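In this text the structure is predicted, and so the values were computed from the model without any measurement.
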Amino acid sequence: MNIMDTEKVKTDIEKALGSVALKSIRSSLLIENAQDLPKVAKFLKEDAAYRLDYLSSVTASDFIEYLETVYHLYSMEKKTGPVTLRVRVPRTDPKIPSLVSLYRGAEFQERDNFDLFGIVYEGHPDLRRIMMWEGFEGFPMRKDYLQEDSETLESADVEWLEKNGVKVPEAAKAKAAELRQQGKRALAERRVEDKG
Amino acid sequence: MALAPNTSQVDDGLKNELAKKGIVVTTMNQLYNWGRRSSIWPMQFGLACCAIEMIATACARYDIARFGAELFRPSPRQADLMIVAGTVTKKMAPQVVRLYNQMAEPKYVITMGACSIAGGPFIDGYNVLRGIDRYIPVDVHLPGCPPRPEALLYGLMELQKKIDGQQIETAEWYQQGLKREYPIPEFGPHGLIPKFNPEVWQPRENDLRKERYGQPIMIGKKSKAPNLDVVAVAAAPRPAAPAPTPPPTPGIA
């Protein structure tokens, strides 16, 4: 497969769409305003020179300062690619326009990112959890996710066990009651790594 | 593990003489155990890569049929042995416990591989159960990642030894009114409820793993992460923005 020249792709998009702010990071293109994403993707999909008709992956990562989604586009028709697009959104308001209307295959991958990172893809037809169950709280792949301590029973566990006729040791019961009194959850210890 | 004691009054020398003539003198226990241990029917289910090794064990090269355990039953009602082959995720754990409950007595469990013993390499993950022995009793723990077919056969032989040591008068599965069923965990907001069943498993007082390695759930940036240019990210301007939207909550459409 031919590898696309990022600078050329950037110039072509800027020539065709004008107002789109792009920045090339190594061999990928950062779209600085998330709302421009559908425009850029539509151009790359429909322009005769590109015909990037296959969205290979939609992934996300948590960079603490922001959340990022990365798109890899290929062309089945011209056997070229990939063109890598990055979109960054603030953690407090992570909203990106959905690409499902352009690429049907984005549906499950956007749901996956919503499930694990909490990025909301606006315009997605069916945005709900795909891996974790309904009623799960939080987004486990975010760096600030608080993981439960699986060795310590909490009051919900004790209540459930007693409802099901299981004898709970007094020490575990006392610990759960203490946690409840303090209004705390039993959380796994975490070690903060230095920022490099 | 010792064999069930031979309580017959027949002299050993006489027994050997009779055996030469084709007459076998034995005890009820030994006969029962011989029959049971030579026809352990495993349940046909696999959860991850360990299942591939389990399949290899059942094929011609390793041939689990030599031990009478070749009939993998697709129904828990017909199975004696549950080989928990692979990673038990929190989403799968209730189903594994339910299958165990549905098996008929006597029933045995082999945990195959590091994941089903204690979570394996995924022990720090948010989605993997730290060992199926938190919810159901396990007879043989079989370490490896994954264990080779020889190891699975060894585990089966260990289970056979365990069966050989049982006596029908005292075996728990032969007592009246025994119902070995365990409550099926439910999905909670942060994981499974309960985290473990204290009748089956309890955390160790001294967790050596914690002592030696700490509990390293890493947060923060990795020092070797690629050096991507950091740009200021502002909230994207949206036409006619309504009232400030609340942060995303799970399950919203």
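In this structure, chain B has heavy atoms under 4.5 Å from both the backbone and the side chain of A/M132. At a 4.5 Å heavy-atom cutoff, the contact between A/I130 and chain B is made by backbone atoms alone.
To the nearest 0.5 Å, atom CG of residue A/L67 and atom CZ of residue A/F139 are 10.0 Å apart.
Looking at A/D12 and A/K8, a side-chain N of the basic residue comes within less than 4.0 Å of a carboxylate O on the acidic one, giving a salt bridge. For the pair A/D53 and A/K45, the salt-bridge criterion is not met [side-chain N within less than 4.0 Å of a carboxylate O].
Judged purely by distance below 3.5 Å, without hydrogens or angles, the side chains of A/R51 and A/S75 never pair a donor atom with an acceptor atom.
Ranked by non-hydrogen atom pairs under 4.5 Å with chain A, the options B/I184, B/L129, B/N127 are led by B/I184.
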